[in-house]
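Take a look at the structure set out below.
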Amino acid sequence: MPDRDPTAALTEELDLGPDPYPALPVLPPEALRDGDVLMMLGQGFSRVGHMRLPVSWLIRALDGGAYSHSAVVSIIDGEPKVWDHSDDWLLGPVSLRDGIRKHAWCHVYRLFKHGEHAGSSRYPCPPIVKVLNERRGDRYDTTLLLMAAVAAVVSRMPSDRRIRELARMALDKAVELINWYLDHKDIRSSMLICTAVTGLSYWDAVNATPHDYALEVDIQRRGAGDDHGNRDWEEAMAKVSATLTRVWPDFPDDLARFRKTQASNAHWVEVGGPLLPVNLVSPSDLEFSRTLERVGRLVIPR
């Protein structure tokens, strides 16, 4: 693989901008609860294999929200743990420090649905934790490469010509890397992206009624993706889609279902339900979900 991404010289000076929610109160770690959702933005470049890519910037530029990454908290032996990659390409709990460091910011979101928070009698937290434990060891997108590819296919083409060209070049390299990993058997089909872990934690949680915890997102918020006849972008999306199909053989059907849902004018859709596959949920979908309440921010360890 090449040693350096050709977009590096162009993107190293890109400013992530200020924290978009500066008024959020700082939460101490002990204030975290089972099931809390952490929404984060990675900083700078990520080293992926032998290459450096602005993966977090790419996700944010394509997705249009404040974040590039999502994770879920559970309290283990009195300490908050973050369900992220505990080992190479595997999902598991890591320390709070390891889960949030190297990010520009981390905001805490909490289930709020039908007037009740997670931890209420209707939405007790143990079912969420049970699902997380059942998912321990699942294959997991540790590099966010797949998240970037998903953000590309479910979002609008960037209107800014410079951003669009940078994103296209970065996507080309992301596709190259994903295919390299697939060829070397380091990743497998059915791998989960970070937002899928969050979605499944709530979709599969059961107290009295199946799927009562399901998160809801406004699938019409961004509108349908549109390449405006841009051939370069169209070709890039074809390569991205072909690569995602290698990871998820059901991807073409999932994408068709996603497009059909968009065309139906359905607004609030359950994550994980028949209308919205979990691996097609982006960070901004969770950011603007009506079933997640923004409750605070965490101090990033230095």
Side-chain angles (χ1 to χ4, degrees), residues 1-8 11 40-42 44-63 67-71 84-85 87-91 102 137-155 157-158 163-200 225 227 232-256 258 277-283 285:
M1 292 188 298
D3 288 335
R4 186 169 174 79
D5 167 33
T7 64
T11 56
M40 297 168 268
L41 176 67
F45 280 67
S46 302
R47 181 164 290 282
V48 185
H50 302 299
M51 194 179 296
R52 293 172 68 243
L53 274 174
V55 180
S56 295
W57 169 85
L58 177 60
I59 293 169
R60 192 181 185 203
L62 294 168
D63 191 34
Y67 310 108
S68 60
H69 186 42
S70 167
D84 217 318
H85 52 283
D87 202 352
D88 195 26
W89 302 103
L90 301 178
L91 177 68
K102 297 183 179 179
D138 278 6
R139 307 299 288 183
Y140 184 67
D141 174 23
T142 64
T143 63
L144 298 185
L145 286 172
L146 297 178
M147 180 75 260
V150 167
V153 297
V154 301
S155 302
M157 180 185 74
I163 296 296
R164 182 168 67 246
E165 183 61 15
L166 290 173
R168 188 188 62 78
M169 289 192 293
L171 280 169
D172 281 345
K173 289 300 163 185
V175 165
E176 180 183 334
L177 279 166
I178 294 169
N179 281 318
W180 185 88
Y181 282 120
L182 283 164
D183 291 342
H184 289 76
K185 303 184 186 302
D186 285 331
I187 62 178
R188 305 289 187 273
S189 64
S190 301
M191 177 173 287
L192 296 171
I193 60 173
C194 59
T195 49
V197 175
T198 301
L200 284 170
D227 59 23
D232 287 344
W233 191 257
E234 192 176 80
E235 290 175 353
M237 290 304 98
K239 287 190 287 187
V240 168
S241 296
T243 300
L244 289 176
T245 300
R246 290 192 67 193
V247 182
W248 304 308
D250 293 337
F251 173 76
D253 291 339
D254 285 349
L255 184 60
F258 178 87
V278 289
N279 270 324
L280 292 185
V281 175
S282 75
D285 289 329

Can you name the closest pair of heavy atoms from [X] and [Y] and give their distance?
X: A152; Y: M237; answer: O-SD, 3.5 Å
X: A151; Y: D63; answer: CB-CB, 4.4 Å
X: L90; Y: G137; answer: CD2-O, 3.3 Å
X: S56; Y: S68; answer: OG-OG, 3.2 Å
X: S70; Y: Y140; answer: O-OH, 4.1 Å

Atom [atom1] in [X], atom [atom2] in [Y]: separation rounded to 0.5 Å?
X: L255; Y: D250; atom1: CG; atom2: CG; value: 12.5 Å
X: L146; Y: W248; atom1: CG; atom2: CH2; value: 5.0 Å
X: E176; Y: Y181; atom1: CD; atom2: OH; value: 11.5 Å
X: M191; Y: I178; atom1: CE; atom2: CD1; value: 10.0 Å
X: H69; Y: D141; atom1: NE2; atom2: CG; value: 9.0 Å
X: N179; Y: T243; atom1: CG; atom2: OG1; value: 4.0 Å

Report task. For C194 and M147, run side chain to side chain contact (heavy atoms under 4.5 Å, CB included): C-alpha distance rounded to whole Å, both residues' side-chain angles, the deciding distance at 0.1 Å, then the answer. Result -> CA-CA 7 Å; C194 59; M147 180 75 260; 3.9 Å; yes
Can you tell if the side chain of [X] reaches within under 4.5 Å of the side chain of [Y], non-hydrogen atoms only?
X: L192; Y: L200; value: yes
X: V150; Y: L280; value: yes
X: V247; Y: R139; value: no
X: L53; Y: L145; value: yes
X: V153; Y: F251; value: yes

Query raised in the report: Any sub-3.5 Å donor-acceptor pair from R164's side-chain atoms to P158's backbone N or O?
Result: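 Yes, because the side chain of R164 sits within donor-acceptor range (under 3.5 Å) of the backbone of P158.
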Query raised in the report: Is a donor on one side and an acceptor on the other found under 3.5 Å between the side chain of D285 and the backbone of S282?
Result: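 Indeed, once roles are kept as given, a pair shorter than 3.5 Å links the two residues.
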Query - Worked check of side chain to side chain contact (heavy atoms under 4.5 Å, CB included) between N279 and V281 - result: CA-CA 6 Å; N279 270 324; V281 175; over 6 Å; no
Requested in this report: Would you please test W89 and T143 for side chain to side chain contact (heavy atoms under 4.5 Å, CB included) and show each step?
Outcome: CA-CA 9 Å; W89 302 103; T143 63; 3.9 Å; yes
Query - side chain to side chain contact (heavy atoms under 4.5 Å, CB included) between L62 and L171, worked out - result: CA-CA 10 Å; L62 294 168; L171 280 169; 4.3 Å; yes
